[in-house]
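Every chain is numbered from 1, with letters handed out A, B, ... down the list of sequences.
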Amino acid sequence: MAIDKRAQIGARIAKELKHGDYVNLGIGLPTEAANHIPEGVRVIFQSENGVMGVGPAPEEGAEDHEMINAGGGFITTLPGASFFDSATSFGIIRGGHIDVTVLGALQVDQEGNLANWMIPGKLTPGMGGAMDLVTGAKKVIVAMEHCDKRGNPKILKQCNLPLTAKGKVSLIITEMAVLEVTPNGLLLKEVTEGFTVEDVVKATEAELIIPEGLA
Amino acid sequence: MAIDKRAQIGARIAKELKHGDYVNLGIGLPTEAANHIPEGVRVIFQSENGVMGVGPAPEEGAEDHEMINAGGGFITTLPGASFFDSATSFGIIRGGHIDVTVLGALQVDQEGNLANWMIPGKLTPGMGGAMDLVTGAKKVIVAMEHCDKRGNPKILKQCNLPLTAKGKVSLIITEMAVLEVTPNGLLLKEVTEGFTVEDVVKATEAELIIPEGLA
Amino acid sequence: MFKLITAAEAAALIKPNNRLAIGGFLAVGAPESIIDAIVAAGIKDLHMIVIASDWEDRGVGKLVANRCISSAQVSHLGTNKEIQNQMNSGEIKIELVPQGTLMERVRAFGTGLGGVLTPTGLGTVVEEGKQIINVDGKDYILETAIPSDFALVKAWKADKDGNLVYRKTAHNSNPIMAMAGRITIAEVDEIVETGELDPEEIVTPGVFVNYIVVNKEV
Amino acid sequence: MFKLITAAEAAALIKPNNRLAIGGFLAVGAPESIIDAIVAAGIKDLHMIVIASDWEDRGVGKLVANRCISSAQVSHLGTNKEIQNQMNSGEIKIELVPQGTLMERVRAFGTGLGGVLTPTGLGTVVEEGKQIINVDGKDYILETAIPSDFALVKAWKADKDGNLVYRKTAHNSNPIMAMAGRITIAEVDEIVETGELDPEEIVTPGVFVNYIVVNKEV
């Protein structure tokens, strides 16, 4: 994805994070959010392998080989950080103590179902911590490109890949739009400048609720 | 109980503890064992509230109010001690990591059943940690006076008080005798000097297997 | 991020019929200031989840002696005559829970589990009315999570991020209870600057802590 | 009390068809010396219980690349093409377990529980063939304890009583795996005198540790 698209999505995710929130950012695109937290807003980042208070990546040459995040990337920690075992880490997650988790998706649907860990016969990275994160976090945000590499919709009426969790996604942020999962279906909340409502509808298989007055 | 009786039982318990054993001693009489560990034998004592490596009681005036055992008595710790939460402590116990636990009893029977936490209508101290200890420890020793204060047997054919655990006791040590719970019943292993086999039989309701040649 | 409050403010958050998971064992590691404030506020009909009922004048025993408690899940009553009297008279409803099982049931709630399978209590009154589940040829009792509205714990120190450390055997149930409250209130001896606690020695990360009461201002 | 052995002696304890719970995550906190010794000893048909399968040349990935493993319970394979190939070809049998569930199932075995109830995996393939249990109106999957013959863990330091401490994110699954082996073997960077580790900072009490391997003698 182009750097400006990534930055745009990252900035939009960051707007969902409130001062004092405990947040888990998935590998890849979601981590972009950490670069867009406004000054004066303090968000505490967890990595599910067992650390709270993750800071920015270390400078080259300053890596500590026993300081990594759940994606295997080198990290630093901020004052107030703590290390703990993975059972405690998932106790925090599954116990509902994480305010927001942001993950990528292969597919997401209008009922808030998420598929992001397996393409049968093709790809089996495993679910890792994703199932626990999506099940346990207070708010689940999916951040991804609106369509796949071939231009096919990833926001569907119904996921057909193996699910990560059922009905747990509450918000979808893409380079084109922001969509909210509501009991009545997917609500189109925002359309990114440069796109039209029609663009979004065309790139989305799921039915969209389009509020009056949305540009 | 007279001091010499306590000491005698304590010394007999101590003979069951091997070098390197992790041991949990119940409140009261069982703690007497700690005074009779032979030199050169190292036994590590746990207290289930959350400490491994319990040492002797502190000298008067040197008590630390945040250093107690499961009976509420002040303790010291030895080098190598560790403190942990009670879930970890019972994880150690229930997980089978304690070699020997020694507890008192209201009743014990020939099937290895133990009752030590309740006399309906009279006394309800609660089971505390006793049920987990008796369920989880590799070896469960009951240490007690052979009869109750009225002279009635406490070693029965079948316990009639609410059980602490079923079939978990392996050895019974009293001031009169040592008895082993076997698949065939209670085996009289030792009779204390000053008592006869007949004395023990009379003071015991359970049937005893009496090996030939036992004095 | 936690909010700093007084013991009286902590007590004011608690309402009749609330369920309180309270740390401590035989009054060691008990949040005495918060307990005193609950007594002073005269809150009644509380449910408490505790290892032991302590003494009439120490620890959670004060809540019993002052008739704040109408029901309890507890493993040991032996040091507190008053709770035994109130139980026998029917004033207080007691569920006796083996200590290890109590810890797991509280931990289950705090960590989002519905319950655990334990062998403890098999063949005893503890199994009555509960589901027995066989796993790989062994029986276990299904013991369900114990929910709580508030966790009241006592830690040694907090830092300004709400991270907690405990002292010696005052650990006991506190780190477990601290995970388990819908709202967790920690009473501490002092608050140190963030960064002063070693990240490897922190026992309860601040994510679990909603309010802190300092019990003695120096 | 633990016995001090070499990595080769540790490997010699392990037999085909043994079940190994191995600490580490993406090769951080992996007991590399013991893993190398198992590879060198050419032990086959092992079952491994791990969070992640690491890389072909780092961590438990080496066991896979050298065909020591015939089955695994694991939550993440993404960094290791070889294990995905062996899975697709049927050489290795994989049970994918959500990471939090894996930790609880291992912890359950170590702490004598038969299993736990978790909401993770509900409505997904993870629930297939498992018992669903409703507690207070909420569904949970019954996830059973995962037994292991050996726990192989990597700690930072041990003292001469076998007490262990871990360093930074090399904690990960190690303290949990350490509780769970019928036999637990800890690889450490150094052994310090008993008493040098703060009793409040010890993570794994020596009661869990049967053997220690020092991975670099200074």
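At a threshold of 4.0 Å, the pair C/K157-C/E196 does not count as salt-bridged, since none of the basic side-chain nitrogens sits closer than that to a carboxylate oxygen. B/K157 has no carboxylate O lying under 4.0 Å from a charged side-chain N of B/E205, or vice versa, which leaves the two without a salt bridge. Salt-bridge check for C/R182 with C/D149: passed, with a basic side-chain N closer than 4.0 Å to an acidic carboxylate O. Using a 4.0 Å cut-off between a side-chain N of Lys or Arg and a carboxylate O of Asp or Glu, B/R12 and B/E190 qualify as a salt bridge. Under the 4.0 Å criterion applied to side-chain N and carboxylate O atoms, B/K18 and B/D99 are not assigned as salt-bridge partners.
Taking B/S89, B/A165, B/A87 one by one and counting their heavy-atom pairs under 4.5 Å with chain C, the maximum is reached by B/A87. For chain B, the option among C/P175, C/A27, C/P119 with the highest count of heavy-atom pairs below 4.5 Å is C/P119. Between chain C and the options B/N113, B/T88, B/D132, heavy-atom pairs under 4.5 Å are most frequent for B/D132. The choice from B/A130, B/G50, B/G126 that makes the most heavy-atom pairs within less than 4.5 Å of chain C is B/G126. Heavy-atom pairs under 4.5 Å with chain B were tallied for C/P98, C/S53, C/A52; the largest tally goes to C/P98.
Of the two parts of B/T164, only the backbone, made up of N, CA, C and O, holds a non-hydrogen atom closer than 4.5 Å to a non-hydrogen atom of chain C. For B/D64, the part sitting under 4.5 Å from any heavy atom of chain C is the side chain, from C-beta outward, and nothing else. Looking at C/T101, the atoms closer than 4.5 Å to chain B (heavy atoms on both sides) sit in the backbone and in the side chain alike. For chain C, the nearby part of B/T135 is the side chain; its heavy atoms alone come within less than 4.5 Å. Neither the backbone nor the side chain of C/V203 comes within contact range of chain B; no heavy atom of the residue lies under 4.5 Å from a heavy atom of that chain.
Crowding of B/K166 atom NZ: a count of heavy atoms from other residues, nucleotides or ligands under 6.0 Å not exceeding 12.
Side-chain contact, B/Q158 with B/D109: no donor N or O sits under 3.5 Å from an acceptor N or O. In this structure, a donor-acceptor pair under 3.5 Å is absent between the side chains of B/E180 and B/S170. There is no side-chain donor-acceptor pair under 3.5 Å between C/T118 and C/E143.
Expressed to the nearest 0.5 Å, how far CG of B/N24 lies from NE2 of B/H97 amounts to 14.5 Å.
A donor-acceptor pair is defined here as one N or O able to donate and one able to accept, closer than 3.5 Å; no such pair exists between the side chain of B/Q107 and the backbone of B/L156. Using a distance-only test at 3.5 Å, with no hydrogens or angles considered, a donor-acceptor pair links the side chain of B/S86 to the main chain of B/N49.
For residues 166-173 of chain C, a heavy-atom distance under 4.5 Å to chain B picks out C/R167, C/K168, C/T169, C/A170, C/H171, C/N172, C/S173, given by residue number. Interface with chain B: from residues 73-91 of chain C, residues C/S75, C/H76, C/L77, C/G78, C/Q84, C/M87 qualify, criterion being any non-hydrogen pair under 4.5 Å.
Scanning all heavy atoms of the two residues, the minimum distance from B/T174 to B/Q8 falls at O-NE2, 3.9 Å.
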Apply side chain to side chain donor-acceptor pair (under 3.5 Å) to residues C/D189 and C/N215 and explain how you reach the verdict. CA-CA 6 Å; C/D189 292 341; C/N215 63 7; 3.2 Å; yes
